Amino acid sequence: MAIRANPKLIDELEAYGAQDVSKCYHCGNCSATCPFSGGDTVFPRRAMRQLQMGLESKLDSSLDPWLCYYCGECSDDCPRDAEPGETMMSLRRWLTARYDWTGISRLFYRSWKWELAAIIVAALLTGAGFLLAGFYLGGGDIGVYNGENAFLPAGDSWYGLPTGSGVHLFDWILAAVLVFFLGSNCVRMWWKTMGKNPYTRWAVGAYLRRLWVLPAHFVTQMRYAKCDRKRPWAVHLVLMLSYLTMLVLIMFFLGYMASGPEIDWRVHIFGILATVGLLATTIWAMRGRMLKTETQYQHSHESDWMFLTLLVIVAGTGILQFGLHRAGADAAANVAYVVHLMGVVPMLALEVPFSKWSHLAYRPLAMYFADVRADVETAKAKQRAAEPIGAAQTA
Amino acid sequence: MDEQRIGVYVCNCGTNIAKVVDCDAVVEASASLPGVVVARPYKYMCSNPGQEMIVADITEHDLNRVVVAACSPRMHEPTFRKALQKAGVNPYFLEMANIREQCSWVHHDPVEATDKAKALTRAAALRVARHEPLERRSVDMCPNTLVIGGGIAGMSAALDLADAGGKVYIVERNDHLGGNVARVDLTAPYLDSASDMLTGRVTRVVEHGNIDVLLESEVKSLEGFVGNFHGGIRSKLHDGGVVDQEVDIGSVIVATGYKEFDAGRITHYGYGKLPNVITSFELEKMLRTGRVETKEGGAPQYVAIIHCVGSRNLEFHTYCSRVCCMTALKYAHEIKAAVPGCYVSDVYIDMHAFGKGHEDFYRRSSEVKTLFLMYEKNDYPVVRRAESKDDCEMLIEVNEKLSGETIEIPADLVVLMVGMEAREDSEEVARLVNISCDKDGWFIESHPKLDPVATTTDGIFIAGACQYPKDIPDSVAQARAAAGRILARIARGQLEIDAVFAEVDEDRCSGCRICNDLCPYSAIEYDEEKGRSHVISALCKACGACVAACPSSAITARHFTDAQIFAQIEGVLA
Amino acid sequence: MTFEPTIVGFLCNWCSYTGADLAGTSRIQYAPNVRIIRVMCSARIDPTFVLKALTDGADGVLICGCHPGDCHYSEGNYKMMRRFPLLKTLLADYGIEEERVRLEWVSASEGQRFADIVNDMTERVRALGPSPIKMALAHDMAER
Amino acid sequence: MADTKLQLAIYWGAACGGCDVSILDTNEFILEVDKVADIRLWPIAADGKYADVEAMADGELDVALMNGAVRNSENEYICKLLRQKSKIFVAYGSCAYMGGIPGLANLVPRTQIIECAYLTNPSIEPGNRTVPLAECSVNGYTLEIPKFYDRVYKLDQIVDVDYYVPGCPPQPDQAKAAILALVAALTGQADPPPKGAVVGAYERALCDDCPREKSEKKIARFYRPWEIMQDPDKCLMEQGIFCAGMATRSGCGVRCPNSGIPCRGCYGPAPGVLDQGAKLVSAVASIIDSKDPEGIEAALATLPDFTSFANRYSIPASPLQRSHRQ
C-alpha cells in the first residue's frame, strides 16, 4: 500500500527550525559518520528522506530523532550543507508538539511570542500569588526569611496548617501538574511509536526485560557518551545531574534548604554543587550559542534561549537568596526567593511538559522503546526462520 | 618491369638492434637474395648519413628498389620514402622490415632473434621485388558547403564558413530557421532566454551575403565525392509548386537534429488520456506565454516532473537523452517563479548533471525545495486520477528507491520529460549522403573518440543532435568544429588523394556485386550498363575488405596486392 | 631439441600491428616464433593467405585485428569475424588441427596481451607438433 | 593423305564417362574430326589397346585428350604413357583438370572408402566380406589389380599438362571449339594457345554470363534449393541459395543457374584465383548479415557440408590437396 507523501510537511517543519533539508541528495555521508547509525537505523539519512518526501505517518511513529544527541558531526560532513543534525533537532521539536495533546507545545514552538507571553504571565501570577500569600494569608513578616513568621515558610507549619505545607506543599502540587501533562504526552508517544503496532503493543516480556534502560540512560547519558565528540556529552551530563540533584533537594529536602542560623552542610554541599554546575553549564551553553562555537550551537531556536534564560535566572536567584540571607538581609532574600519562584514555576509548569525540557522524558523512553522494538524484531526474525518458507511468504 | 636492383640496409639502431640481432649475419643472408645488388649494415639508417648512403647507392648501383631493416614502418617509412624520392626513385619502391619493435626489443636469444630478422628481411626483399610505382593524385576542393538543417548547429557552422568567405547553402525543411531551440523558453543552467540567443543568429544568417537560406526545401540528390559534390535541392513555392536547383559543393554538413519521443507510447503516464499530463515541449509553450496553468485554467498547487520518458529503458530507447535532467531542473525554477508557493517534485532515475555549471544548478534547484524522487529503471511510476477526497488532481505512485518505500505524490500538472529520438527519415538522409545510422537511427561518426565530427564518407560531416542527443553548447561546438575541418581543406584548395587504394580490373570483374555492400565508405559503384563494379579512388581508404572478398580476384589493393603478400609469406617461411 | 614451430601472423596496421610495436617499445619479451605480416585491416586477409601460409610450411597462423567496434575502417574486423568460422570449417574438413589457426582482437594499447597471445599460441602449436601437410604430401610422393 | 592426318588418342582415368559422352555429344562434328584425324585410342567409341600405345614411338601421337583423375596405379601408368607418346597432352574435364568429383574422396582416408564400398554399404548383404586383394595367385599365376592410392591426383600432379579443358563434362560446343583450336594450331593455321592455358572457357566468373538480376548482397541464412520457392530472375546467392558461380570460371553457358540449380563450380576457379574454396569462404562469409559471433554461427549453421560445396571439383587442386588428419 502506497504511503501518501505530503510535500507541504517540509514547510511546516521550518516553523520548528528545520533548514536546508531539501538540499540533501542522499550521499549517505551523515549516516556513515554517525556512530549510532547502522543495521536497521540509518539515521539521520532516513529521517531526512522521510521529511523531504513528507511521509508524516512514518515520522510520527519514528524514534530516530530521539536517538540523536546532535553532536553535529553529520552536519559538518554534509557535502551539501543540508544540516542533518539541525533537522533531527527540529524533528524533536515537531514530535514534542505531536505528542502534546494540549496543543501548547505546537503553539510555543511555532511562535516564541506566545511562549514568552505565557512564561511572563505565569511568572507574574506566581509572584503575585506568593506576595499575597506572604503578606496577607500567612501574615508573615517580609523581614523574616525562615523560622517563625517566615515570609515564605518552606516546609514547616504555616498559620495552622500541618507540617509539610507552605512552599513545599506548593512544589508537590506543581509536580503533580507536571507529571500529569508530561505523563499523558509520554503515553501518546508510546501509542504513536509502539502502541499502534500490534507486534510492539503487548510485548510485555521485552518491556520488562529492557526496563533497566530507562534509569540507566536517564542518570548516565551512557548513549550520549558513545558520540565521537565527548565535550557536549560532558556538559550535558553535568547539567543533567545538577538539575536532577536540585530536583531531589527541592522535592524532598526543601525544609533543610532554608538554612537556619547554622547551615546543614550535608544538604547544602549538594545544593551548592548543583547550582554551580547548573550555572556553569548554562552559561557555557549560552556563550556557545552566542558565539556559535560548536556545530550544535549554530542554529538556536527561540525555545533554546528561553530554556537557558530560565535556568540562569533560577540558579542565580537560588544562590542570591542564600547569600543575602546569610548576609542577614532577610528582606532582600525574600524578594530574591519570590523572583526565584517566578522562574521555577513557568519552568516546571510550561517548559518541562510543553517545550524543550520534555526531552528529559522522551529521550530515555525512545531508547527504551527502540530496544524493545529491536527485541521484538529479532524474535520475529527467529520465528520466521523457524517457519516453512511458504508460511513466511504468506505471512 | 626492367631488371630488379635491390638494396638492403640493415640498421643497428645504435645498439638497440645490434645488441641482440647479428646485423652482419642478416646483411650476409640478404646479399644472396634474388635481385639484391647491395646489402649494408649501418649504425643509424634514419640519420642523415644513413639516408645519404641510400641516395648515393641508388645513383651508384642504380638501385630501383630498397629494403630497410630497422624499426617499425609506422615510425620511419615516411623518412625513407623521402630518401627514395630525393634519389628520383618512386617512394613506393621501399619496404621496411621491422627488426626492432618486433624482434630485437622483444627477444633476448641472439640466435632466434637473428633468424627472425633474416626471415623478415627476406620477406621484405621478396615483397619489394613485386612493388609497383604509385603516384599520389590531387583533386580540386570546391569552397561551397551544403548545410542540411537550419537549427542552432546548422546556423553556427554556416556562419563560420560564410564569414571565412565560402558560399553556404542552408537547406531547411520548415518555413523558419531555429529548429528545436526555437521551441524553448529559457536555457539551463544559466536561465537566459533561448529566443534572445537565437534571434541574433537568425538575423545574421539571413542577412549574410554568403549564405543562401532555402526554407521549405529538401535535398533530393547528392552525387560525387569529397571536394566535388553535386546536390539537387527541391524548394516549395508559395503558389504550391516546386522548384529544383543544382548546387556544386565541396563538403556537406548534416545537422538535421532530432524529434521528441511520443509520450503516448508509454501507457503508465496516461498522456493523451489525463488532460493535465503534458510533455516538456507543451510546458515550454506555457512558459513562453508566462502562464503555467491546468487545462481548467487554474494554477497548479502540485507539479510533478517525470524524467527519462522514452529514454534509458529497455522498451523504447536504452540511451540517455542528456538534456532532460537539466531542462527539468530549469522547469523547477521557472514553475516556482510562475506559480509562487507551488510544490514541484522531480521523479527521476539518476540525475545526470555532467555539464559545465550543471552540478551547481542541481544544487540550486534542491535549495528551492524541489522534491526529488528516485525510481528504478524500467519500473515506471504510474499516474492516475485522484479521488475527490484528495486535494489534488492526480496521484503518482512511485517505488521510491532511496527510501525503499512505495509512495504516492499529489499532482495537478504532470510534465513528461520526453527524450530525443532520431528523425523518422534519418535512414533516408543517411542513404542520400552515403553515411550510416546506428540501431537507434543516429548518424555514425568516423571515430567515436578521435573523429566525432567526420563520417565514414569523406567530405560529409555531422553536427548537433542528429549524431546523438546533445545540448546547445555541444551541438554548437560540433558544428563549429565541422566548419573548421572544412575551412582547413578549403584553405589548401586541393585535396591530396592517397596513392594506396583499391582498383577493379574490369576485364576480370563479373559483376557479381559481392563487394558493393562491403565498403564502409561507399566507394564502390556498380555500373548497370557494363555490369561491372568500380572503385571511386577518392573515397577509397584502402582497407582491402573488397579485395579479399572478391571471388574472382578482380580487385587489387595497390601496395597490398596478393602477389606482394604471397611473396612476403614465402619470404618469412623460406 | 624441442620442435620450434613457425607461425605466420597477419596483423592489421592500426590496432594489432601498433599493439605489437607497443610490446616492443615496452620491451615485453615473447616467443620469437611468430613472423608478422602487416595488412591495412583484418578485412584484407584473404583465407587464401592462410592456406598459402600453411602449405608453404607454417605450423600455425595468427590473425589479429581491432576489437569489434574499434575498427579503423569501422567494420572491417566484422568481415574477418564472419570469414573465420567458415575458414575453420574448411580447414577442419582438410584435417588441420583447430589450434593451428587463431583469430584474436588486439588493440593498439594491448602490447602485453599480444605477447601473451603469441606465447600461448606458440606453446599450443609446439604441443601439436609440426604441421602435417608437408609430411602428408611427402607420403603421397612416396606411395607412387 | 593418311600421313597428314592428326594422330589422336582419347582416354580416361578415374572418371564417369561423361567426358567421352560430351565429345560424342558434338554429334556430326565427330565425323569432321574423323576426316582430319586418326583416332588411335578411344575405347569407348573406337578401339585400341594399351599394347598398341606402348608400341608407338614417343611423340607419335599429336594430341592426347585425357579425362578423369588419377586414383590408382593404372591411371598413373596410362597417364604417363600417353604423355610420353603425345606432342600435346590435354587434361580434359574437371577430373583431369582439378581432380573433380572423385577428388572429394581426398577428404576421407582410403580405409574408410574400402570399408564403405565393400563392407558397410547398406546395399551389401549382411555378413558378406568380399574385399578385393591387390594381388592373388590362381593356379600358379599371380594376378594383380592396380594399386589403389591413398588419394586422388589431378593430372598435372602426375605429368606435365599442355592445356586444360574444364567442365563436368565440358560443354560440347566448348569441346568442339577446343578441338578446332588444337587442330588449327597443329595444322599451322593459327598460333597455339600459351602452354598451360585453360581452353574452351572464358576469362571471367560465371556471374558475367548469368542472366539473373544481381544487386547488393546481405545474407541472413542459407537455403537448400528445395527449401524455398525461388525467384527465377533473381541472383540465387541473394536468395540464400549457395551458388559457386561468382567464384567459377564461365564457359558452361550457365547451364545450372538457368535451370534453377546453383552453380557447383565444375569449371574451376576464375583466372588468377589460387583456391576456389578459400575464395568462396571469403566472399560468402563477408556478406553475412550479422555482427555478433552467435548470429554469424547461426547463419553459417544453415550451410551444411561447406567444403564439399566450395571445393566440390577442386579438392586435389586446392593448396591443401587432401585431408591431413593423422
Side-chain angles (χ1 to χ4, degrees), chain C residues 41-59 61 67-69 71 74-98 100-101 103 105 128-144, chain D residues 70 72-73 76-77 80 104 106-110 147-153 157-158 219 269 273-293 295-297 299-301 303-311 315-316 318-326:
Chain C
C41 175
S42 52
R44 172 65 184 99
I45 299 162
D46 184 333
T48 314
F49 298 173
V50 179
L51 267 54
K52 166 88 176 160
L54 288 170
T55 41
D56 284 8
D59 300 297
V61 176
H67 286 271
C71 176
S74 82
E75 298 201 337
N77 48 4
Y78 290 117
K79 279 137 199 157
M80 191 61 228
M81 186 198 263
R82 294 173 193 145
R83 291 170 195 156
F84 196 67
L86 204 50
L87 173 60
K88 297 272 268 195
T89 316
L90 190 86
L91 292 172
D93 288 348
Y94 280 100
I96 307 297
E97 298 94 330
E98 205 192 348
R100 289 195 188 275
V101 181
L103 171 64
W105 309 126
L128 284 174
S131 157
I133 298 171
K134 270 213 176 77
M135 277 137 60
L137 299 184
H139 158 88
D140 294 348
M141 283 300 154
E143 83 168 343
R144 308 199 324 258
Chain D
V70 170
N72 61 32
S73 51
E76 181 179 8
Y77 170 75
K80 286 180 166 155
L104 282 169
N106 279 10
L107 294 183
V108 292
R110 169 167 56 183
K147 181 170 183 219
F148 187 76
Y149 289 151
D150 237 7
R151 55 165 284 199
V152 172
Y153 299 86
Q157 284 165 340
I158 302 293
I219 298 181
V273 171
L274 184 64
D275 179 44
Q276 213 171 356
K279 267 305 184 189
L280 280 165
V281 168
S282 199
V284 173
S286 297
I287 57 171
I288 285 171
D289 192 6
S290 170
K291 279 189 195 173
D292 63 282
I296 294 166
E297 287 294 346
L300 292 176
L303 197 53
D305 197 8
F306 176 74
T307 309
S308 316
F309 277 95
N311 279 133
I315 283 163
S318 92
L320 296 168
Q321 297 186 33
R322 56 166 294 177
S323 167
H324 300 277
R325 199 170 282 102
Q326 278 120 334

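Chain naming here is simple, since letters A, B, ... match the order of the sequence lines and numbering starts at 1 in each. In this text the structure is predicted, and so the values were computed from the model without any measurement.
- Test C/Thr48, C/Leu87, C/Asp46 against D/Val281 for side chain to side chain contact (heavy atoms under 4.5 Å, CB included) and you get one pass: C/Leu87.
- The choice from C/Gly95, C/Ala92, C/Ala136, C/Gly69 that makes the most heavy-atom pairs within less than 4.5 Å of chain D is C/Gly95.
- For C/Met135, the part sitting under 4.5 Å from any heavy atom of chain D is the side chain, from C-beta outward, and nothing else.
- Between the CZ atom of C/Arg83 and the OG atom of D/Ser282 there is a distance of 3.5 Å, given to the nearest 0.5 Å.
- Contacts with chain C were tallied for D/Leu300, D/Leu303, D/Asp275; D/Leu300 has the most, counting heavy-atom pairs under 4.5 Å.
- We find the NE2-CG distance between D/His324 and C/Leu91 to be 10.0 Å, quoted to the nearest 0.5 Å.
- Heavy-atom distances place no part of D/Asn106 under 4.5 Å from chain C, backbone and side chain included.
- Side-chain N or O atoms of C/Arg82 include none that pairs as donor or acceptor with a backbone N or O of D/Asp289 at under 3.5 Å.
- For the options C/Leu54, C/Ile96, C/Asp56, C/Ile133, heavy-atom pairs under 4.5 Å to chain D are most numerous at C/Ile133.
- D/Glu297 has its side chain within reach of C/Pro85: a pair of non-hydrogen atoms, C-beta onward, lies under 4.5 Å apart.
- The environment of CD in C/Glu98 is sparse: at most 12 heavy-atom neighbours from other residues, nucleotides or ligands sit within 6.0 Å.
- For C/Ala43, no part lies near chain D; criterion is any non-hydrogen pair under 4.5 Å.
- The CZ atom of C/Phe84 lies 12.0 Å from the CD1 atom of D/Ile296; values are rounded to the nearest 0.5 Å.
- Both the backbone and the side chain of D/Ser286 have a heavy atom closer than 4.5 Å to some heavy atom of chain C.
- Taken to the nearest 0.5 Å, the CG atom of C/Asp93 stands 7.5 Å off from the CZ atom of D/Arg325.
- For D/Ser290, the part sitting under 4.5 Å from any heavy atom of chain C is the backbone (N, CA, C, O) and nothing else.
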For this session: Would you sort out whether D/Ile288 and C/Met81 count as a side-chain contact (heavy atoms from CB on, under 4.5 Å), showing the intermediate values?
Result: CA-CA 10 Å; D/Ile288 285 171; C/Met81 186 198 263; over 6 Å; no
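- Side chain of D/Lys147 to backbone of C/Glu143: a donor-acceptor contact under 3.5 angstrom is found.
- With respect to chain D, the highest number of heavy-atom pairs below 4.5 Å among C/Met80, C/Lys79, C/His139 belongs to C/His139.
- In this structure, C/Asp140 CG and D/Gln321 CD are separated by 7.0 Å, a value rounded to the nearest 0.5 Å.
- Using a 4.5 Å cut-off between heavy atoms, C/Leu90 touches chain D through backbone and side chain atoms alike.
- Rounding to the nearest 0.5 Å places OH of C/Tyr94 at 4.5 Å from CD1 of D/Ile315.
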